[in-house]
2 protein chains.
Amino acid sequence: MSDAKYMRVFQAVADEKRFEILKLLQSGAKTVGEIADSLGYLQPQTSKHLKILHQAGLVRVEAVANKRIYHLEKDGFTVLGDWLSSYIQRWEDQLDRLDAYLKEEEES
Amino acid sequence: MSDAKYMRVFQAVADEKRFEILKLLQSGAKTVGEIADSLGYLQPQTSKHLKILHQAGLVRVEAVANKRIYHLEKDGFTVLGDWLSSYIQRWEDQLDRLDAYLKEEEES
DNA sequence: TTTAAATATACCATTTTTAGAATATTCGTC
DNA sequence: GACGAATATTCTAAAAATGGTATATTTAAA
């Protein structure tokens with residue numbers, strides 16, 4: 001996985017308004033207008049933030065007539081999970097080593 | 001967990017140089033000078049970036065004489081994992097391993 | 001085919017973030 | 001206690017991201 005892909009996700013979430021949009025979408029998919037109204041944002045800004053979230057793979061768009069319904073999308077979160085697990089692994093291994101050490105102690 | 005805490009971690013990682021510093025530290029703890037040299041950054045910038053990573057709980061400092069050795073720190077990654085798991089739950093099947101790890105953390 | 005609603009884009013101002021250079025601080029050694 | 005090495009901080013300029021307003025685009029309905 002390219003660093004650029006990771007960065008796109010981190011940069012997308014690292015903005016308070018986009019962070020709030022993701023949180024709101026946890027309660028279900030919503031149109032641009034609904035998101036803007038719910039959070040008190042202007043429509044153009046909301047569209048721009050959604051575009052960034054979309055490019056990061058964190059949301060997907062469903063077109064219905066002249067409405068655009070935004071849903072949370074798995075891909076972006078998976079990217080984050082992949083990145084994270086390569087670091088988390090480090091402490092998991094530590095626990096494993098401790099575990100192995102304790103077992104050896106037991107045996108002696 | 002407060003949104004501010006999540007934001008500090010996302011904003012910390014959402015910078016290419018800080019991203020590279022974290023990656024470098026995976027190969028082991030290093031002094032400011034070693035990090036700056038390895039990545040071709042100037043020392044003052046390196047210190048500033050490390051400060052932001054530290055405030056996010058992603059690194060810790062070990063003081064040895066007039067040197068400062070920076071290590072990866074679990075806390076910041078756990079914060080990210082907590083945030084992620086609240087979203088990942090909706091897609092359950094994937095990232096089982098990370099999810100299982102985080103649940104163990106919760107219990108301890 | 002004109003109109004209104006919903007959304008996206010473009011453009012410019014503004015705020016925030018980062019970089020660079022100089023300086024301060026801390027620690028060990030002479 | 002003076003000096004050099006390692007790191008942190010401060011200040012200003014530059015760069016990047018965000019906000020606001022106007023406008024374009026698309027769609028349904030009159």
Side-chain angles (χ1 to χ4, degrees), chain A residues 3-25 28-73 76, chain B residues 3-25 28-73 76:
Chain A
D3 285 0
K5 200 163 193 174
Y6 293 128
M7 292 299 299
R8 237 173 286 141
V9 181
F10 278 111
Q11 286 171 346
V13 186
D15 172 90
E16 194 137 8
K17 294 193 172 170
R18 292 193 290 266
F19 184 90
E20 292 298 326
I21 290 174
L22 291 177
K23 194 199 291 185
L24 178 65
L25 291 183
K30 298 191 170 37
T31 66
V32 176
E34 287 170 341
I35 295 168
D37 286 350
S38 290
L39 300 175
Y41 303 159
L42 297 177
Q43 177 270 315
Q45 298 168 225
T46 306
S47 284
K48 278 185 281 188
H49 285 309
L50 284 166
K51 185 179 183 180
I52 292 173
L53 290 171
H54 184 251
Q55 287 167 342
L58 290 160
V59 301
R60 65 183 169 84
V61 200
E62 178 192 357
V64 176
N66 61 344
K67 295 189 178 181
R68 295 293 179 275
I69 302 174
Y70 282 86
H71 303 250
L72 289 180
E73 164 85 356
Chain B
D3 286 0
K5 200 163 193 174
Y6 292 129
M7 293 299 299
R8 235 173 288 140
V9 181
F10 279 111
Q11 287 171 348
V13 186
D15 173 271
E16 194 137 6
K17 293 191 173 170
R18 293 193 290 267
F19 184 90
E20 292 298 325
I21 290 174
L22 292 177
K23 194 199 289 183
L24 178 65
L25 291 182
K30 298 191 170 38
T31 66
V32 176
E34 288 170 340
I35 295 168
D37 286 350
S38 290
L39 300 175
Y41 304 159
L42 298 177
Q43 177 271 314
Q45 300 168 224
T46 306
S47 284
K48 279 185 282 188
H49 284 309
L50 285 166
K51 184 178 183 181
I52 291 174
L53 290 171
H54 184 251
Q55 288 168 342
L58 290 160
V59 301
R60 67 183 168 81
V61 200
E62 178 191 357
V64 175
N66 61 344
K67 295 188 178 181
R68 295 293 179 275
I69 303 173
Y70 282 86
H71 303 249
L72 289 180
E73 163 85 358

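Here is how names work: the chains are called A, B, and so on, in the same order as the sequence lines, proteins then strands, and each is numbered from 1.
Residue B/T31 has no polar side-chain atom (N or O) positioned under 4.0 Å from OP1 or OP2 of D/dA6.
Rounded to whole Å, atom C1' of D/dT7 lies 12 Å from atom CD1 of B/I35. Between the C1' atom of C/dC27 and the CZ atom of B/R68 lies a distance of 9 Å, rounded to the nearest Å. The distance between atom CD of A/Q55 and atom P of C/dA8, rounded to the nearest whole Å, is 12 Å. At whole-Å resolution of the value, CD1 in B/I69 and P in C/dC27 are 15 Å apart. At whole-Å resolution of the value, NZ in B/K67 and P in D/dG4 are 18 Å apart. As rounded to whole Å, 10 Å separates atom P of D/dA6 from atom CD of B/E34. A/I21 places its CD1 atom 13 Å from the P atom of C/dT7, with the value rounded to the nearest Å. Counting to the nearest Å, the C1' atom of D/dT7 and the NE2 atom of B/H54 are 14 Å from each other.
With 3.5 Å as the limit, one finds a donor-acceptor pair spanning the side chains of B/S47 and B/Q43.
B/F10 meets the ring-ring contact (aromatic ring centres under 6.0 Å, His included) test with B/W83; sequence neighbours excluded.
Considering only heavy atoms from C-beta on, A/L42 stays 4.5 Å or farther from A/T46 through its side chain.
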Could you walk me through whether B/E62 and B/H71 pass the side chain to side chain contact (heavy atoms under 4.5 Å, CB included) test, one step at a time?
CA-CA 8 Å; B/E62 178 191 357; B/H71 303 249; 2.6 Å; yes
Please test B/Y70 against B/V32 for side chain to side chain contact (heavy atoms under 4.5 Å, CB included), starting from the C-alpha separation and ending with a verdict.
CA-CA 7 Å; B/Y70 282 86; B/V32 176; 3.5 Å; yes
Going 5' to 3' along nucleotides 12-23 of chain D, which nucleotides have protein heavy atoms under 4.0 Å from the base (write B), which only from the sugar-phosphate (write S), and which from neither (write -)?
------SBBBB-
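The base of D/dA5 is paired with the side chain of B/N66 by a donor and an acceptor separated by under 3.5 Å.
More than 12 heavy atoms of other residues, nucleotides or ligands shown are found within 6.0 angstrom of NZ on A/K30.
Within 4.0 Å (heavy atoms only), A/Y70 reaches sugar-phosphate atoms of the nucleic acid but no base atom. When heavy atoms are screened at a 4.0 angstrom cut-off, A/T46 is found touching no nucleic acid atom at all.
Geometric assessment of B/K17 against the ring of B/Y41 yields a positive cation-pi assignment under the 6.0 Å and 45° thresholds.
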